[in-house]
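Have a look at this one.
Scope of the values below: all heavy atoms of this structure, side chains included, with no hydrogens, waters or symmetry mates.
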Amino acid sequence: MIDLELPLKERTKAYRFFEMLPALLSYGMLVLLVVLSLISPLLAAIYLLLIIISVLVKAVGIAAHTISGRNRLNRAQNVDWHTRLSQLEDPEASYHYVRDNHSTGFGFEAHKENLRLMAADPESFPKPSSIYNAVIIAAYNESYEVLEPTIQSVADTSFDNDKLIIVLAYEARGGKPMKETILKLQKKFAHTFKALLIIEHPDKLPNEVAGKGGNITYAGLFLKDWVQKQSIAFKDVIITTLDSDNRPHTTYFDYVTYEYVVHEDRKHLSYQPIALFMNNIWDAPAPMRVIATGNSFWNIISSMRPHTLRNFASHSQPMDALVEMNFWSTRSIVEDGHQYWRSYFYFGGNYSVTPIYVPIYQDAVLSDTYKKTLKAQFTQLRRWAYGASDIPYVATRLFSRKRNVPFAGGVARFFRLLDGHVTLASTAILVAVGGWVPLLINSQAARDIAAHQLPEVISGIQRVAMVGLFITVFLGFKMLPPRPERYKRRRTVWMLLQWLLMPVTAIVYSAASAFNAQTHLLLGKYLDKFDLTEKATHQSVARARAEKAGHVADALKK
């Protein structure tokens, strides 16, 4: 068996080097600008311009992918995936029915081709009616108001509820309130699905960090035994993991099942929906709205580049593959992104992620108070940035005589991984303030024409890049859910003005959280606890404010 596990304590020298590498490169990019500014302002200007130009080129690509990705998302949501899936049940009859039809609908021609191939070789494809979808919903201490809409959204999908298995995986450390919430949910949804399984994850199991990975793996092992007792084959089950605030699009499970059926190499694929942080976007503070919208668009952009797509947040994977791999890592606080690399190395490089062009809606960060919300957002982004911990995991397996994946493909993936984390940490800072560094630390820079004009040149390039921002703002408005009645129209104006905060959020949150995560790795001070993002609702925030106002009033009376 191949060793898929992350080290818990001892690291080899090679492993430690690659743990330190992202921080060394990220800090090194900033230090290099300072050093070049001292040696030669011209060299510093050239260095910075190369970075700015690369950012501009990426911005053009991002803008194009954003527009085409948003269009693809809209078209895929309009497809009747339930009907398409049912047509796979009898592909020969369905092909004769649709072969002379023509449509500009999303994927229609590919659907006809799938029917033709299945009709020619029906034994190579499972029947849709034989497929179950198991949904593991991870919970810690969330309220009924957060979890109930999530389960209801699964019940309301177009997929047959008799083929849905719901697993409520909750933490014992959530205490009595969590247990009471779970029992309340069990009572409401007991007869809604094929099964509703309740799994309590014990605290402090050996070889686990306190995180989601241990919880859903424990639930997965329970589900494995349950499926065997039901005489259901592992290959006939697709497992989807959801966070407590996730709400899948109504066609999600039909769409995933369709893709699973039509791909012959289905065991070596996972399925990635587009995470849109829009559930509570009207309630979240302005900085959180900017970050949530930016993250939503990044997920849309990623779906347009399947060769670089990675597992993120909620995703689906065949149960037979998960059973072989012993499910997810219990030693990582970023089990979603790490699952890509576990699968990639387990299957010897024969693994990829298939984009699902419909959303799973998630919450923007929102806590009971503004201060707690700001802190929670940084904590969430730092946890995501801690995906840099995968760099040594990949490097030590790739640059090894025991390598079991193609070297060229592995190297390309490794450098994309490394570049993504270094860029996340350093680029925003260099673009925002780098133009002034030569002028501030080298008196000769004022006499150097290139260095003297550098801030103005950068400003001009930034104005060109603003086109991408305008596209983001426009499409962001198009994606917004309807404005709740509790908000007046002026709230919409603030939705526009919030984008003035983008440079601030890019540095204070994205870059700072990346540097924080990489510094932990650099110093060997590992993040071994999943810092849960608190899930507040508009109602809970209103209650908290009312309670605070009541306490203040009581204090004044005294």
Side-chain angles (χ1 to χ4, degrees), residues 68-95 97-99 101-119 122 125-135 150 152-166 192-194 236-242 246-264 266 269-276 278 299-300 303-304 306 309 314-319 353-362 479:
S68 56
R70 174 60 181 151
N71 180 55
R72 187 171 293 188
L73 180 67
N74 283 337
R75 295 176 64 210
Q77 289 182 85
N78 291 327
V79 172
D80 186 350
W81 289 104
H82 187 75
T83 296
R84 284 196 185 176
L85 180 63
S86 65
Q87 289 176 338
L88 301 183
E89 195 71 25
D90 187 351
E92 185 174 1
S94 298
Y95 179 65
Y97 176 74
V98 304
R99 66 179 177 181
N101 295 344
H102 298 281
S103 171
T104 58
F106 177 81
F108 182 75
E109 293 303 318
H111 175 55
K112 284 202 299 185
E113 183 66 6
N114 289 331
L115 289 172
R116 184 186 70 82
L117 293 173
M118 291 181 67
F125 302 88
K127 293 284 188 182
S129 57
S130 69
I131 304 300
Y132 293 84
N133 275 273
V135 185
T150 296
Q152 187 62 55
S153 70
V154 175
D156 292 340
T157 60
S158 55
F159 195 75
D160 184 359
N161 281 356
D162 288 334
K163 294 289 185 177
L164 281 172
I165 304 162
I166 307 301
T192 305
F193 308 101
K194 163 74 174 176
D236 290 336
V237 182
I238 306 168
I239 296 182
T240 299
T241 60
L242 295 180
N246 292 179
R247 293 161 201 179
H249 187 268
T250 54
T251 64
Y252 176 73
F253 296 108
D254 283 307
Y255 190 171
V256 166
T257 307
Y258 179 93
E259 292 291 342
Y260 179 72
V261 169
V262 301
H263 284 90
E264 291 190 69
R266 58 189 65 88
L269 300 174
S270 64
Y271 306 90
Q272 182 63 54
I274 298 174
L276 299 182
M278 295 289 174
N299 290 327
I300 292 174
S303 72
M304 297 298 296
L309 192 58
S314 300
H315 58 275
S316 304
Q317 197 166 358
M319 188 172 186
V353 181
T354 299
I356 300 295
Y357 294 105
V358 297
I360 284 185
Y361 296 99
Q362 301 183 213
M479 288 174 58

Looking at Arg247, is its backbone amide N or carbonyl O close enough to the side chain of Thr150 to form a donor-acceptor pair, meaning the two atoms are under 3.5 Å apart?
no
Between Asn133 and Thr257, does any side-chain donor sit less than 3.5 Å from a side-chain acceptor? yes
Notebook entry, point to check: Going by heavy atoms in the side chains, are Arg70 and Met304 under 4.5 Å from each other?
Noted result: no
Here the pair of heavy atoms bringing Val237 nearest to Ala134 is CG1-CB, 3.9 Å
| said: When you compare the side chain of Pro91 with that of Phe125, does any pair of heavy atoms fall below 4.5 Å? | reply: no
CD1 (Ile165) and CZ (Phe193) are apart, to the nearest 0.5 Å, by 11.5 Å
Output for pair (Asp160 CG, Tyr132 OH), nearest 0.5 Å, gives 9.5 Å
In short, Val358 meets Pro273 closest at the heavy-atom pair O-CB, 3.6 Å
Does the side chain of Tyr255 reach to within under 4.5 Å of the side chain of Arg84, using non-hydrogen atoms? no
Looking only at heavy atoms, the pair that brings Gln362 and Ala275 closest together is OE1-CB, 3.3 Å
Short question: side chain of Arg99, backbone of Arg116 - any donor-acceptor pair under 3.5 Å? no
Can you find a heavy atom in the side chain of Val256 that is under 4.5 Å from one in the side chain of Thr354?
no
Separation between NZ (Lys194) and NZ (Lys163), nearest 0.5 Å, reads 7.0 Å
So His111 and Tyr258, would you call those rings parallel, tilted or perpendicular, with 30° and 60° as cut-offs?
tilted
**OP:** Report yes if the side chains of Asp156 and Thr250 come closer than 4.5 Å at any heavy-atom pair, otherwise no.
**Re:** no
- Query: Step by step, would you call Asn299 with Leu276 a side-chain contact (heavy atoms from CB on, under 4.5 Å)?
  - Reply: CA-CA 8 Å; Asn299 290 327; Leu276 299 182; 5.7 Å; no
Exercise for the section: Go through Phe108 and Asn101 one step at a time and tell me if the side-chain contact (heavy atoms from CB on, under 4.5 Å) criterion holds. Expected result: CA-CA 9 Å; Phe108 182 75; Asn101 295 344; 3.9 Å; yes
One should read off an interatomic distance between Thr157 OG1 and Asp254 CG, to the nearest 0.5 angstrom, of 7.0 Å
Here the gap from Ile356 atom CD1 to Leu73 atom CG, rounded to the nearest 0.5 Å, amounts to 12.0 Å
Assess the residue pair Ser158 and Trp81 against the criterion (side-chain contact (heavy atoms from CB on, under 4.5 Å)); give the C-alpha distance rounded to whole Å, side-chain angles, the decisive distance to 0.1 Å, and a yes or no. CA-CA 9 Å; Ser158 55; Trp81 289 104; 6.0 Å; no
Note: Gln272 and Leu309 closest approach over all heavy atoms is CB-CD2, 4.1 Å
**Request:** Evaluate side-chain contact (heavy atoms from CB on, under 4.5 Å) for Thr251 paired with Val79, printing each intermediate quantity in order.
**Result:** CA-CA 8 Å; Thr251 64; Val79 172; over 6 Å; no
Next on the checklist: Less than 6.0 angstrom from the centroid, inside 45 degrees of the normal: does Arg266 satisfy that with respect to the ring of Tyr260?
Outcome noted: yes
Which of Ser94, Ser130, Ser129 passes side chain to side chain donor-acceptor pair (under 3.5 Å) with Glu89? It is Ser129
Heavy-atom side-chain contact between Phe159 and Leu85 under 4.5 Å = yes
- Task: Using a 4.5 Å cut-off on heavy atoms from C-beta on, say whether the side chain of Ile274 contacts that of Ile360.
- Result: no
Practice task
Check the side chains of Ser316 and Tyr252 for a donor-acceptor pair under 3.5 angstrom, ignoring hydrogens and angles.
Solution key: yes
One should read off an interatomic distance between Glu92 CD and Met118 CE, to the nearest 0.5 angstrom, of 12.0 Å
Between Ile239 and Met319 the two heavy atoms that sit nearest each other are CD1-CG, 3.7 Å
- Query: Considering only heavy atoms from C-beta outward, does the side chain of Ile300 approach that of Met479 to under 4.5 Å?
  - Reply: yes
